[in-house]
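Only one structure is covered here, and it is reproduced in the block below.
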Amino acid sequence: MLKRRYTLELIVSFLLITAKAFSYDFQSGDIYYHFLDGNNVEVTSSHSRYEEYEGEVVIPEKVLYNGKNYDVTSIGDYAFFGCSGLTSITIPNSVTSIGDYAFYDCSGLTSIMIPNSVTSIGNYAFCGCSNVKYIVSEIVSPFPISDNVFSSRTFTKVTLAVPNGTKLVYQSTNYWNKFTNIVENRKIHVATAGTLPDLIPNSEKYTIEILTLTGELNGTDFRLLRDMAGCNYRGQRTGGRLKLLDLSEINLKEGGENYLETSEIIGVGGRITKRILNGSMNFGISYSNVIPRYLFYRCSLSIIHIPNSITSIGDAAFYSCDALASITLPNSVKSIGSDAFAGCSSLNSINIPNSVRDIGDNSFYWCSALTSIMLPSSVRSMGNQPFEGCGGLSSIKVDRNNHSFDSRYDCNAIIETATNTLITGCKSTMIPNSVTSIGNSAFYNCSGLTSITIPNSVTRIGDRAFLGCSDLTSIISEIINPFVISELVFDYYSEATLTVPPGTKSAYQSTNYWNWFTNIVEVNPTPKRTIHVETAGTLSNLIPESEKYFVEELILTGELNGTDFRLLRDMAGNNYQGKLTEGKLVVLDLSNAKIVAGGEKYLDTNII
């Protein structure tokens, strides 16, 4: 009965959204606002599309519009409703109210911080935020909330961090008191670098779960923080319980003791990746604007906010932090080093800010919990296999203003624009016909990949490109003239079916290492096809190269431009250069298609 009542309430709420026809008054940056009384505004949504907000969103205290400053005092009803791509939200200390369903079903969030200024939270405001691990409330005098502000699982699965000295008050206030794990957030100001050990008694260092620091820190302080976060300066496990560390207002200082002195580095799966037989590898802080090498190596932190002054994440800075689920990278970061997050197997989201220009080798190696990547326009270079082993990926996007990389035709892959090399793919990838090379480890360990079509344009496939794809049962190769590949491109040769163009089976059977497949079949072309082209210019992605000369009758709907008509000419026996082809298309129905401007030239010849 309760479930039915809840469902009815949700349906009614959706009807109210439609009936009320929400609108915004103005937009500033990526955020929409609605006028309230006086100089106050609230954050809202344009409601023009689902999942409007994504990545990291920072709400300002004030916003300038038409030459006038407005105070941001409210987050409106449904403002971030259903924004599953939202990975981080910063709510300023000017906000006093959070509306009904404001963050409903924001499943990409891993932590929520509620400032002390908030005096009301609406129904279902944070319901459905299924991946949240910590809720940090800075409200000093908690007010009663409804029992439906949070999902029922939240009360037992999520840690509620409250201001120092307020735990008992929260435990006696409805319905904050439904949380079974309430801890106090320790806030410490370190006036002089190297003095943190003097501010945290030895008897408390293994009891603190949530810590916010301000001031300045050096190597001596990080030696203690590593100890508190479960791995000491020797690289050995400790009883530290520190899970959430906020360093956003910290200044790093050079000097102090080495934060790490070890003779071996243990990597993914417990393997030793580096070892010195005599002596040890010593690491200290040498720069004030860099998260240095191996700073948090093997630490058990779940969430960390790094200083706003940081410009670089050093090599292996978070290496093998297998509990790390969320990290906030400020817009000051310009580079992410090699192996920076390698082995962070719990990291389910990463917001790469639009300031990052360079990403190193294997930066996110084996971040198996990552589900999505958004590569900003600022990235100009990436090292070898930056996302190797990220088998959980299902969404890959590249900003359209990026001049070095792209995700053309929304193919769910990262392609190096200049070389047409597919660098990183996922289980949802569709390889465009313009790709000429599939890079090393492009789909490595992509266990959710069940089928892949390799277009005829591909002339190279790198080592381990499809290695570890345990669910891959169908490989459709449109390559008419198969080339030699490495024995390490695929595994599971006996489990998958390799489908090849008509008349090429014997060629594949005599070409290494395609001939390792035990089940090779030739495609059976369909002479009559009906195809919907959602986006103009993508018809070539919908008709395999191996089939284009076998289609005799074609019905098209959707949008077509010059690129599509170039292919249609080819299929109809005369290509864009006016030369004869083997195309058999004789019946073409475009009555329900729309011709739009743009695309390639459908005819480019000097002879008519």
Side-chain angles (χ1 to χ4, degrees), residues 13-14 16-129 131-132 135-139 143 145-146 148-150 248 305 326 328 330-331 349 351 353-354 374:
S13 297
F14 270 103
L16 286 173
I17 292 176
T18 306
K20 196 171 181 179
F22 285 101
S23 62
Y24 66 96
D25 293 313
F26 69 95
Q27 180 182 359
S28 178
D30 295 326
I31 302 177
Y32 298 91
Y33 297 93
H34 174 69
F35 289 123
L36 299 175
D37 58 303
N39 294 327
N40 299 322
V41 295
E42 71 176 3
V43 175
T44 185
S45 168
S46 73
H47 299 286
S48 60
R49 63 184 179 91
Y50 191 59
E51 297 188 346
E52 187 153 37
Y53 295 106
E54 58 186 10
E56 180 181 352
V57 173
V58 178
I59 302 172
E61 289 192 2
K62 294 180 180 293
V63 61
L64 181 66
Y65 179 67
N66 280 349
K68 182 178 179 180
N69 274 313
Y70 292 89
D71 295 319
V72 181
T73 59
S74 174
I75 297 175
D77 297 346
Y78 303 94
F80 295 90
F81 184 97
C83 293
S84 59
L86 182 69
T87 58
S88 174
I89 183 72
T90 300
I91 304 172
N93 211 35
S94 58
V95 169
T96 59
S97 68
I98 299 173
D100 295 343
Y101 297 93
F103 294 93
Y104 182 89
D105 205 22
C106 289
S107 56
L109 289 176
T110 54
S111 65
I112 297 166
M113 195 283 288
I114 304 172
N116 187 44
S117 56
V118 172
T119 57
S120 69
I121 303 176
N123 294 322
Y124 305 103
F126 297 102
C127 210
C129 298
N131 286 306
V132 166
I135 296 171
V136 180
S137 173
E138 296 188 338
I139 302 170
F143 50 85
I145 59 172
S146 168
N148 58 22
V149 167
F150 303 100
S248 57
H305 304 294
S326 174
T328 301
N331 285 323
S349 67
N351 181 54
N354 201 31
M374 177 61 189

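In what follows, every heavy atom counts, from backbone to side chain, and hydrogens, waters and symmetry copies are set aside.
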Handout entry: With F26 via ring pair (Phe, Tyr, Trp, His ring centres under 6.0 Å) - residues at least two apart
Key =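 With neighbours one apart ignored, the set is Y33, F35, Y65.
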Can you tell me how far the [atom1] atom of [X] sits from the [atom2] atom of [Y], to the nearest 0.5 Å?
X    : Y    : atom1 : atom2 : answer
S137 : I112 : OG    : CD1   : 11.0 Å
I114 : N116 : CD1   : CG    : 11.5 Å
Y70  : L64  : OH    : CG    : 9.5 Å
S111 : N131 : OG    : CG    : 11.5 Å
Y101 : C106 : OH    : SG    : 14.0 Å
C83  : Y53  : SG    : OH    : 7.5 Å

May I ask you to check whether [X] and [Y] show a side-chain donor-acceptor distance below 3.5 Å?
X    : Y    : answer
S97  : S74  : yes
T73  : D71  : no
T110 : S326 : yes

Between [Y] and [X], is there a side-chain heavy-atom distance shorter than 4.5 Å?
X   : Y    : result
V41 : L36  : no
I91 : S117 : no
V57 : D30  : no
I89 : I59  : yes

Shortest non-hydrogen contact between [X] and [Y], atoms and distance:
X    : Y    : answer
S45  : A79  : CB-O, 3.5 Å
G29  : Q27  : O-NE2, 2.9 Å
S349 : G108 : OG-O, 4.1 Å

Exercise for the section: Verify side chain to side chain contact (heavy atoms under 4.5 Å, CB included) between F80 and I75, making sure each step is shown before the conclusion. Expected result: CA-CA 9 Å; F80 295 90; I75 297 175; 4.0 Å; yes
Exercise for the section: Could you tell me whether a side-chain N or O of D100 sits under 3.5 Å from a main-chain N or O of D77, the two making a donor and an acceptor? Expected result: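 No; zero donor-acceptor contacts below 3.5 Å.
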Practice task
May I ask you to decide if T119's main-chain N or O and T96's side chain share a donor-acceptor pair within less than 3.5 Å?
Solution key: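 Looks like no, no N/O pair under 3.5 Å.
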Exercise for the section: Measure up the F103 and F126 rings against each other and bin them: parallel (under 30°), tilted (30 to 60°), perpendicular (over 60°). Expected result: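 Taking F126 first and then F103, their aromatic rings lie parallel (interplane angle under 30°).
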Exercise for the section: Apply side chain to side chain contact (heavy atoms under 4.5 Å, CB included) to E61 and N93, showing your working. Expected result: CA-CA 7 Å; E61 289 192 2; N93 211 35; 4.0 Å; yes
Practice task
Let me see the working for Y124 and Y78 under side chain to side chain contact (heavy atoms under 4.5 Å, CB included), right down to the final yes or no.
Solution key: CA-CA 10 Å; Y124 305 103; Y78 303 94; over 6 Å; no
Practice task
Please name all residues satisfying side chain to side chain donor-acceptor pair (under 3.5 Å) with S107, sequence neighbours left out, ordered by chain then number.
Solution key: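 If we apply the side chain to side chain donor-acceptor pair (under 3.5 Å) test to S107, skipping adjacent residues, there are no hits.
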Problem - Criterion side chain to side chain donor-acceptor pair (under 3.5 Å) against E56, the qualifying member of T87, T328, N351, N331 - result: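 Going through T87, T328, N351, N331 one by one, the side chain to side chain donor-acceptor pair (under 3.5 Å) with E56 is satisfied by N351 alone.
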Problem - More than 12 heavy atoms of other groups within 6.0 Å of N40 CG - result: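 Yes, enclosed.
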